[in-house]
K.L.:
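Before I ask anything, here is the structure I am working with.
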Amino acid sequence: MGNRAGGRRTGPKCIAIVGPFSSGKTTLLEAILARTGAIARQNPTASGNTVSDHSPEAREHAMSVEANFATVDFMGDTLTFVDCPGSIEFAFEAEPVLAACDAAIVVAEPDEKKIPALQLIMRRLDELGVPRILFLNKVEKATTGVREALKTLQPASSVPLLLRQIPLRKDGVVIGSIDLALERAYIYREYAESEVAEIPGDEKAREIEARFSMLETLADHNDELMEQLLEEIEPPRDAVFDDLAADLREGRVTPVLLGTAEKGNGVLRLLKAIRHDAPDVEATRRRLGVGDDERATLVQVMKTIYTPHGGKLSVSRVLCGQLADGGELYLPDGEVNKVSGLYRMFGKDQTKLGQAVAGDTVAVGKLDGARTGQTLTSAKGGRAPLIELTPPKPVYAFALRPKERKDDVKLSAAVQRLAEEDPSLSLAHNQDSAETVLSGHGEMHLRVVRERLEGRNQIAVEGHAPAVPYRETIRKGTQQRGRHKKQSGGHGQFGDVVIEIKPLPRGSGFEFTDTISGGVVPKQYIPSVEAGIRDYLKSGPLGFPVVDIAVNLSDGSYHTVDSSDMAFQMAARLAMKEGMAACSPVLLEPIMKVEIFTPSDATARIIALIPQRRGQILGYDARDGWPGWDVVEATMPQAEMGDLIVELRSATAGVATYVASFSHMAELTGRLADDVMNAAGKAA
């Protein structure tokens, strides 16, 4: 025993800091920067002066809205920490970071209300195979014992939460911790290194019990340690450290360390655990499927940033080889980009570098063709990306336009840059409504986008709910003649048609046929009749596109001189206009099939709100593979879903989400239909 981990990994490391919203991630990063000497003193998050608060949007909303990078030196090692947003609306920021980092620090509180949010994060780490340490923050606020708190948090993790420290209390107040591996006590000192002390005599029994529990968990993956425990032999301390490191790197356990980031407590022990136990870039390469025989320089893009003066920066992890300023990198499509600047990141500040080695996290300048999530290489021809970024489906949208038409081109370019920085944004043009629709993952997500457009890009914009694609159809059929005749000297215009209009089953679309006999409408004009009908169907008597009807051309007449394609199109439009009014037109609205994913304790609230939005509940069940979660299935009019996500998140402490797909069109009558038609008339 003692060689499983293979020793300490000494190369540069990249560590993601993740956790639920307001758990203290940014505060922890500030404490790390202060403890490593990267900043003179720890800045409270309320000050707006933290490394992660460099954007005006983060300061305005007192929350991280994008991944922020800070590289520091600690005891001779280079460590890059990435503060990832905690809100589910900005969660996709972490995806390309987690793929390329070596390990994650999960910041959690002893608060059972945040378990669903923690579960989302831990599950994603499991799926990506990222080793993690859990930092139990705000430990002094725990209303129960730490071990009881871990029992509450354990359902969020698929692997054991391994308690490596226990709190040291005096008169009921947490004054420090006891490290179960080192068998030492540490007395907290605010914003300073803890004082090493002997374990108090009255705490020794509790320490022995907790240490044995830790060793039992480690013994699940080490037969020699199990035998030693059974024979009551004290395992060598070095062997215990080796097991801790090996099990962390293999993802068999999640070690749990304690502290209070706001006061800098427990941060040094966390840093040393990262330094000694966390894997390095070699393990990350293996996780990403890079072979040991790789000789080319490989660079994984973790984030794209557009700076006010420096242009585009691609924050990247060097996985293999070396990268020098002025070097060449090939994109996946084989296009070559020249490196124009290498920088070490520290929030909004950058320090110029000459080169970077495997393991380094650096910002690379002027890689114009590079995109977040891509894998770049020095090998000619490029290579396929090591990861596939798949943003979750949007759940919130608004139609966007500049307040001044002169900003149209400027807005398009600005949105394109924002979409490069945030691949979870999507932009689409709705041809029916002539709207440009921006979609994202919540109200705050798109609010930040709008603030960036107005603040960073100086573009005043207007936003409103996207138009609902209403349609209209008919309830009964009719026969109608349409005659277009115009004489104005010389050749006139003449077209005469008789059409039969009838309804079709829902979802059938449009059918055109002809039963012309005897050449009463010459064959060359029949396509013109169909074209006139299709043109009319773009806006029926209620003002919306017409669907689910069949039209048959049954009779008509022509003039050998005055008939033309245009005359028959006009005749067909006239017949449709007069005939449709007699067919009992009715408005149709789109109905969506919705799957809502919610913590089980909020399922009743979710079910209650669905009928309030004219929804119909189809059923609910436990979410497969997600203990403590349910899936609620329903149908709901698209018109009621604009701000659905806001209400869902409000009912579930910010964690519920949904996926929606088109189900069918349904009739809309009465006051609601009148309101829709009145609104459409005013807009026209």
K.L.:
Are the side chain of Gln154 and the backbone N or O of Ser157 linked by a donor-acceptor pair below 3.5 Å?
P.N.:
yes
K.L.:
Would you compute the distance between atom CG of Leu411 and atom CZ of Arg405 and round it to the nearest 0.5 angstrom?
P.N.:
11.5 Å
K.L.:
If I take atom CD from residue Glu500 and atom CG from residue Leu553, how far apart are they, to the nearest 0.5 angstrom?
P.N.:
9.0 Å
K.L.:
Taking atom types as modelled, is there a side-chain donor on Ser424 or Asp422 under 3.5 Å from an acceptor on the other?
P.N.:
yes
K.L.:
Test of understanding: with side-chain hydrogen bond (donor to acceptor under 3.5 Å, both in side chains), list the residues that count as partners of Arg371, not counting sequence neighbours.
P.N.:
Glu420
K.L.:
Identify which one of Leu400, Ile459, Val449 satisfies the side-chain contact (heavy atoms from CB on, under 4.5 Å) criterion when paired with Val415.
P.N.:
Leu400
K.L.:
Flag yes if more than 12 heavy atoms outside Gln616 fall under 6.0 Å of its CD atom; otherwise flag no.
P.N.:
no
K.L.:
Here's a test for you: under side-chain hydrogen bond (donor to acceptor under 3.5 Å, both in side chains), which of Thr26, Thr27, Asn68 qualifies with Asp83?
P.N.:
Thr26
K.L.:
Is it the case that atom OH in Tyr658 sees more than 12 heavy atoms from other parts of the structure closer than 6.0 Å?
P.N.:
yes
K.L.:
Does a donor on one side chain and an acceptor on the other come within less than 3.5 Å for Thr652 and Thr598?
P.N.:
no
K.L.:
Any luck finding a side-chain donor-acceptor pair between Ser23 and Glu109 under 3.5 Å?
P.N.:
no
K.L.:
Quick one, Glu262 with Lys138, criterion salt bridge (Lys or Arg N to Asp or Glu O under 4.0 Å). Give me CA distance, side-chain angles, the key distance, then yes/no.
P.N.:
CA-CA 8 Å; Glu262 186 177 16; Lys138 308 176 187 178; over 6 Å; no
K.L.:
Tell me, which pairs form a ring pair (Phe, Tyr, Trp, His ring centres under 6.0 Å) where one or both residues lie in residues 424-475, sequence neighbours left out?
P.N.:
Phe90-His445, His441-His445, Tyr470-Phe544
K.L.:
How long is the straight-line distance from OG of Ser663 back to CD1 of Ile591, given to the nearest 0.5 Å?
P.N.:
7.5 Å
K.L.:
Which atom pair, heavy atoms only, marks the closest approach of Ala16 to Leu98?
P.N.:
CB-CD2, 3.7 Å
K.L.:
Here's one to test your reading of the geometry: is the NZ or CZ of Arg623 within 45 degrees of the ring axis of Phe597 and under 6.0 Å from its centre?
P.N.:
yes
K.L.:
Other residues, nucleotides and ligands only: do more than 12 of their heavy atoms fall within 6.0 Å of CD on Glu435?
P.N.:
yes
K.L.:
Does the side chain of Thr603 pick up a donor-acceptor pair with the side chain of Asp630 at under 3.5 Å?
P.N.:
yes
